[in-house]
There are 2 protein chains.
Amino acid sequence: MTIREVSEKYDITQDTLRYYERIGMIPPVTRTSGGIRDYQQQDLGWVELAICMRSAGLPVEVMIEYVKLYQAGDATIPARLQLLIDQREVLLEQRRQIDATLDRLNYKISKYEDAVKTGKLSWEK
Amino acid sequence: MTIREVSEKYDITQDTLRYYERIGMIPPVTRTSGGIRDYQQQDLGWVELAICMRSAGLPVEVMIEYVKLYQAGDATIPARLQLLIDQREVLLEQRRQIDATLDRLNYKISKYEDAVKTGKLSWEK
DNA sequence: TCTTGACTTAGAGCTAACTCAAGGTATTAC
DNA sequence: GTAATACCTTGAGTTAGCTCTAAGTCAAGA
């Protein structure tokens, strides 16, 4: 699969795909004899994982670390497990923050809806 | 309340508090005759709201827009309502992304836990 | 009054995560 | 073979969101 096809499949720019590879956020992608990227199933798996992590807001640094551990072999399995557990905790905390903000937004939205309906404010910020 | 007290109360730097005010993410804070910030209850409400939005990952630009609308008076109430509804949608989408990533993490974590227990991989990335 | 420490502004500097540009190579269509 | 297009690398540029620095002002204690 060419970089163009991958970029269309995952709706991500070719620049970003090359960037992810360059900084080690995904392992080196399979190349043709001419040096052109030819993404295999395994490469796509890494791309998908990277996009998933980033879309949740996890820093690229974490994925770089994970890839390094992966490339270092099976001895790093406990370290990889710990990294994943740590990031899960980060995401759970982030979700708590989002929920707290959603509560606040919902409260304000209901107040504003009242204000719009009745044409006046009940007290608001 | 002095800027030091506010920064300690919300665990945020004084620089950031001044920055938020400077860019219009919160309205101008009450000052003493000497020009020193003296946060009132209302100022604290804005600080709290700003911190809440930022901690959920909403861009400062959105809060700036909201404050501008607020300062423009009651005629902007429908626009403010719409802004809040839009941001709620952004947060709900962000939460979906986090949940998707949590699912992926949990799957990988369970695989790694098996690998650590049994001392071998069942197939993993 | 003098000193000390907390406060002020304006503007420069920093980091993360892209994003773009320049100059070159590979592949495909004719 | 050549032209057009898609790819390549390296390195510089951009944006958001702080964070720090410099140079100065205000307020409280000796």
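These numbers were taken from a predicted model, which means no experiment stands behind them.
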> B:Ile51 has an atom CD1; how far is it from atom C1' of D:dC18, in whole Å?
Replying inline: 14 Å
> Touch check for B:Arg54, heavy atoms < 4.0 angstrom, all strands: base, sugar-phosphate only, or nothing?
Replying inline: sugar-phosphate
> In whole Å, what is the span from the CD atom of B:Glu61 to the P atom of D:dG17?
Replying inline: 8 Å
>> Run the salt bridge (charged side-chain N to carboxylate O under 4.0 Å, His left out) test on A:Glu89 and A:Arg96 for me, step by step, so that the C-alpha distance in whole Å, both residues' side-chain angles and the decisive distance to 0.1 Å come before the verdict.
In response: CA-CA 11 Å; A:Glu89 200 41 62; A:Arg96 280 191 287 273; 3.4 Å; yes
> CE of A:Met1 versus C1' of D:dA6: gap in Å, rounded?
Replying inline: 16 Å
> Taking the six-membered ring for Trp, are B:Tyr66 and B:Trp46 parallel (under 30°), tilted (30 to 60°) or perpendicular (over 60°)?
Replying inline: tilted
> What is the distance, rounded to the nearest whole Å, between atom OH of B:Tyr39 and atom P of C:dC7?
Replying inline: 10 Å
> Tell me: CG of B:Leu17 to P of D:dC20, nearest whole Å?
Replying inline: 14 Å
>> Among A:Gln87, A:Arg88, A:Gln94, which residue satisfies the side chain to side chain contact (heavy atoms under 4.5 Å, CB included) criterion with B:Leu102?
In response: A:Arg88
> Between B:Glu8 and B:Arg4, is the closest basic N to carboxylate O distance under 4.0 Å?
Replying inline: yes
>> It should be established whether B:Tyr20 places a side-chain nitrogen or oxygen under 4.0 Å from OP1 or OP2 of nucleotide D:dG17.
In response: no
> Between C:dA17, C:dT19, D:dC18, which nucleotide has the shortest distance from any of its atoms to the side chain of A:Arg22?
Replying inline: C:dT19
> Rounding to a whole Å, what distance do you find between B:Met53:CE and D:dC18:P?
Replying inline: 15 Å
> Is A:Ile36 reachable from A:Val6 through a run of I, L, V, M, F, W or Y residues, each pair having side-chain heavy atoms under 4.5 Å apart?
Replying inline: no
>> Testing the 3.5 Å rule here: is there a donor-acceptor pair between the side chains of A:Asp43 and A:Thr30?
In response: yes
>> Using side-chain heavy atoms (C-beta onward) and a distance below 4.5 Å, is B:Arg54 in contact with B:Met25?
In response: yes
> How close or far is atom P of D:dT15 from atom CD1 of B:Ile23, stated in whole angstroms?
Replying inline: 16 Å
> According to a strict under-4.0 Å criterion, is B:Tyr19 in side-chain N/O contact with OP1 or OP2 of D:dC20?
Replying inline: no
Pull out every protein N or O sitting under 3.5 Å from an N or O of nucleotides 7-9 of chain D, one pair per line with the distance.
residue	atom	partner	partner atom	Å
D:dC8	OP1	A:Arg37	N	2.7
D:dC8	OP1	A:Arg37	NH1	2.9
D:dC8	OP2	A:Arg18	NH1	2.7
D:dC8	OP2	A:Arg37	NH1	3.1
D:dC8	O5'	A:Arg37	NH1	3.4
D:dC8	O3'	A:Arg31	NH1	3.4
D:dT9	OP1	A:Arg31	NH1	3.2
D:dT9	OP1	A:Arg31	NH2	3.0
D:dT9	OP2	A:Arg37	NH1	3.2
D:dT9	OP2	A:Arg37	NH2	2.8

>> Nearest whole Å is fine: how far is D:dG17 C1' from B:Leu58 CG?
In response: 14 Å
